[in-house]
A.B. asks: 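Could you have a look at this structure, given as structure tokens, before my questions?
Everything numeric here is computed off the predicted structure, so don't read it as measured data. So that the names make sense, note that chain A is the first sequence line, chain B the second, and so on, each numbered from 1.
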Protein chains: 2
Amino acid sequence: MSIKTIAEMTGLSITTVSHALNGTRPVSQRSMELINEAAAQINYRPNLAAQMMKTHRSRTVAIIIPATEQNNSTNCFFFDVLNGAKSRLQESGYELIVSTYPESRPQDFFSGMSILHRRWIDGILLVPPTLRYEDIARIEDCGVPVVLVDRWVKGGKLPLVCSNNREVTVEAMKVLYQAGRRRIAFIGADFPNSTAVERYQGYLDVLEELGLPRDELLICRMDAYSMSCGMEAARRVLGAGADAIFAANSMLCLGTVKELQEQGIHVPEQVAVIGFDNYEWTEITNPPLTAVTQNASLMGRTASELLLQLLDGKQPEQRVVRIPAALTIRQSHGL
Amino acid sequence: MSIKTIAEMTGLSITTVSHALNGTRPVSQRSMELINEAAAQINYRPNLAAQMMKTHRSRTVAIIIPATEQNNSTNCFFFDVLNGAKSRLQESGYELIVSTYPESRPQDFFSGMSILHRRWIDGILLVPPTLRYEDIARIEDCGVPVVLVDRWVKGGKLPLVCSNNREVTVEAMKVLYQAGRRRIAFIGADFPNSTAVERYQGYLDVLEELGLPRDELLICRMDAYSMSCGMEAARRVLGAGADAIFAANSMLCLGTVKELQEQGIHVPEQVAVIGFDNYEWTEITNPPLTAVTQNASLMGRTASELLLQLLDGKQPEQRVVRIPAALTIRQSHGL
DNA sequence: TTGTAAGCGTTATCAC
DNA sequence: GTGATAACGCTTACAA
């Protein structure tokens, strides 16, 4: 069942059939009907491989995201990104290929990247593994448009869609300040990626803006997004007399909550807490957690939007799009 | 940069080049060297479209999974399935295309299923939306092997990889029984999918085995995997005097935990709890939650294994593979 | 050990 | 409005 079959069935040429099916040139009413009928009858679906050979387009894009061990909420975040991307791409008839790399081993970034060895992807959505453009430069060898998602890299001029990490961190810090806290600790990751960097920078900036001293003992930057790191970090800053904690990652926040619980510390009376990323479990902590909510799905959708524009040969009006994150106010921040 | 370029560079024929590159026929040492050198020089990568036209294989499979709103742990589960599949497929040089459908609207299953309109997928991994084979029958029109993941359907003889839902439910119930509980409630979903069915069946079976009466007031089957449904269900079974609750889904379990918390009920002294699916937050409930742990990643990996066998023309030795789920014992079950 | 040539299912150019 | 025909880049009989 090919275009040829339809040509034979209708007595028309394959040229006419092709044009009729693609709407690429006027075809008589009568031919159109015949062709549509025949196509329906044999349940015709175009052969993508053949189309690709001629058009050099597959209407397929790849998304490259980090993945960690099972049941980690970071996975959940990137699934939402993926799903947002998928829904937008689907609207334009594009398929989505997934590639993952281990978050903890950025150096393995390219090792499993079989996608890049095949010449048939129209574009790429990429969550970069590090801050260095050089680490992803090879990806541009594919010769297709690339849009960064969630994280930027130093150098390079790739389009980008991400959260306003710095601003929302400042906002969270001010809420803690307004609740009367003056020894606000920062628990984050020491990872070489832009979200970690921006959140940390937001913390430093707001200290200065509020005239608070920078106390290194209140700053804990851990080397993994894990519960145990969160607990360890919480122990340290509590030991340094923190009266509030901003946890810049959901796993670290979870560890923080657990440590507070184990030490029997009252939240927010003794220590206030604001976390990053808003999962279902933030409702069952005692008290319910005030947390930053990112719109992961919209990030994926918007990045796809930019990519589709590039695929259409248009230059997007903005190279960088920030998807606003917002505080979900519950009770752990105090007041 | 094609095989033809290499042929010209080396003075050999495209046939020889093709065979050399694919190892499909002996080639002299000298030719081999020349070809490899030339290939490296022009950074040759085969054109998949052209290969596909000849071989009718794309080395690409699709995975079709449900997706719900953002930040839902069900997404996390299926991401792990996806990631497990991805890692196995990668080992065999296959790419993975993702398609999602809204869990809550099974009737929309095919509406976004653009994959099926394209004739170029080698196989399909499918989490079916309902129990009815008829609802997915059209997928077999693609004419490629299909492997079911996580859920079976009635009728049809498709290979399947899923958890041992019934058995692990029985196991969990027995733990509650051994902790002295006799009024054990079941909170689950009333969804038309096999995981919901099997877990419910496990509950009924074990009641009989243990000689416990079946009390309809202790059974709550809700119509959504949501926290509020979990709370509602918990209210109902608590009202009916439950001394233990088995929550057959993570969101429902979360709601249950919250309701117990709000009512100030002591776990496990007053009411024992065991949940399904083991997320990070199960550690910070008070007390830490005993829960069923599924190996989502292994399910994805094993399903891919079966699919790869089918793609190789082999019939897998078993049509159904059960990936054992196990209890992670913490404290909420009592004793 | 190597080469010639057909053909996969489309699209696109050109001519009628 | 329509049709021949070349071309896309590869695999694979068949031939030497």
Side-chain angles (χ1 to χ4, degrees), chain A residues 1-39 41-60 93 95 117-122 142-144, chain B residues 1-39 41-60 93 95 117-122 142-144:
Chain A
M1 55 139 169
S2 70
I3 218 178
K4 196 174 165 191
T5 321
I6 299 181
E8 282 160 5
M9 290 170 73
T10 57
L12 293 160
S13 71
I14 57 168
T15 308
T16 303
V17 175
S18 172
H19 283 298
L21 258 22
N22 295 320
T24 42
R25 122 179 151 179
V27 167
S28 77
Q29 180 89 40
R30 169 114 189 86
S31 303
M32 201 63 183
E33 282 164 10
L34 282 171
I35 290 168
N36 283 333
E37 201 175 319
Q41 198 176 325
I42 64 169
N43 185 24
Y44 171 77
R45 286 170 303 165
N47 180 310
L48 186 74
Q51 285 181 320
M52 273 170 71
M53 280 201 67
K54 294 301 294 185
T55 61
H56 300 285
R57 303 187 72 186
S58 60
R59 293 192 89 77
T60 300
E95 296 300 337
H117 302 319
R118 314 175 103 188
R119 290 214 324 266
W120 66 301
I121 279 180
D122 291 351
C142 293
V144 300
Chain B
M1 53 141 170
S2 70
I3 217 178
K4 194 173 167 192
T5 322
I6 300 181
E8 282 161 4
M9 289 169 73
T10 57
L12 292 160
S13 72
I14 57 170
T15 307
T16 303
V17 176
S18 172
H19 284 299
L21 259 21
N22 295 321
T24 42
R25 124 180 149 180
V27 167
S28 76
Q29 179 89 41
R30 168 115 190 87
S31 301
M32 201 63 182
E33 282 164 11
L34 283 172
I35 290 168
N36 284 333
E37 200 174 319
Q41 199 176 327
I42 64 169
N43 185 26
Y44 172 77
R45 288 169 304 164
N47 180 311
L48 186 75
Q51 284 181 321
M52 273 170 72
M53 282 203 67
K54 295 302 294 184
T55 59
H56 298 285
R57 303 188 73 186
S58 60
R59 294 191 90 80
T60 300
E95 296 299 338
H117 303 319
R118 314 176 103 189
R119 292 212 322 266
W120 66 301
I121 280 179
D122 291 351
C142 293
V144 300

A.B. asks: What's the CE-C1' distance between B:M32 and C:dT2, to the nearest Å?
C.D. replies: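 In whole Å, C:dT2 C1' lies 14 Å from B:M32 CE.
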
A.B. asks: Would you list the protein and nucleotides 13-16 of chain C atom pairs, both N or O, that sit under 3.5 Å from each other?
C.D. replies:
none

A.B. asks: Heavy-atom distance under 4.5 Å between the side chains of A:S2 and A:T5, does that happen here?
C.D. replies: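 Sidechains of A:T5 and A:S2: in contact.
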
A.B. asks: Could you check whether A:T24 gets within reach of a base, just the sugar-phosphate, or nothing at all, counting any heavy atom under 4.0 Å?
C.D. replies: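 Answer is nothing: A:T24 stays at 4.0 Å or more from every strand.
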
A.B. asks: Measuring from B:D122:CG to B:E95:CD, what's the distance to the nearest 0.5 Å?
C.D. replies: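 The distance works out to 11.5 Å.
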
A.B. asks: Can you tell me how far C1' of D:dG9 sits from CE of A:M52, to the nearest Å?
C.D. replies: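 Value for this atom pair: 11 Å.
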
A.B. asks: Any chance you could measure A:I35, atom CD1, to A:M9, atom CE, to the nearest 0.5 Å?
C.D. replies: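 Rounded to the nearest 0.5 Å, the CD1-CE separation comes out at 11.0 Å.
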
A.B. asks: Out of curiosity, B:R30 CZ to B:T10 OG1, how far, rounded to the nearest 0.5 Å?
C.D. replies: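 Rounded to the nearest 0.5 Å, the CZ-OG1 separation comes out at 10.0 Å.
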
A.B. asks: Atom CD1 of B:I6 to atom C1' of D:dT11: distance rounded to whole Å?
C.D. replies: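 Rounded to whole Å, this separation is 15 Å.
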
A.B. asks: Ignoring hydrogens, what is the shortest heavy-atom contact between A:W120 and A:S58? Give both atom names and the distance.
C.D. replies: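 Looking at all heavy atoms of both residues, the closest pair is O-OG, 2.6 Å.
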
A.B. asks: Kindly compute the distance separating CD1 (A:I3) from CD (A:Q51), expressed to the nearest 0.5 Å.
C.D. replies: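 Those atoms lie 8.5 Å apart.
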
A.B. asks: According to a strict under-4.0 Å criterion, is A:T16 in side-chain N/O contact with OP1 or OP2 of D:dG3?
C.D. replies: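 Affirmative; the distance criterion is met.
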
A.B. asks: Under 3.5 Å, side chain of B:T24 to main-chain N/O of B:N22, donor-acceptor pair present?
C.D. replies: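 Side chain of B:T24 to backbone of B:N22, a donor-acceptor pair under 3.5 Å: no, none is there.
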
A.B. asks: Quick one: A:R57 CZ to C:dT11 P, roughly how many Å, whole number?
C.D. replies: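 Interatomic distance, CZ of A:R57 to P of C:dT11: 14 Å.
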
A.B. asks: Can you check whether A:R45 reaches A:M1 side chain to side chain, under 4.5 Å on heavy atoms?
C.D. replies: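 Yes - at least one pair of side-chain heavy atoms lies under 4.5 Å apart.
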
A.B. asks: What does the list of N/O pairs under 3.5 Å between the protein and nucleotides 6-10 of chain C look like, with a distance for each?
C.D. replies:
residue	atom	partner	partner atom	Å
C:dG7	N2	B:K54	NZ	2.7
C:dG7	N3	B:K54	NZ	3.1
C:dT10	OP1	A:Y44	OH	2.9
C:dT10	OP2	A:I3	N	2.8
C:dT10	O5'	A:Y44	OH	3.3

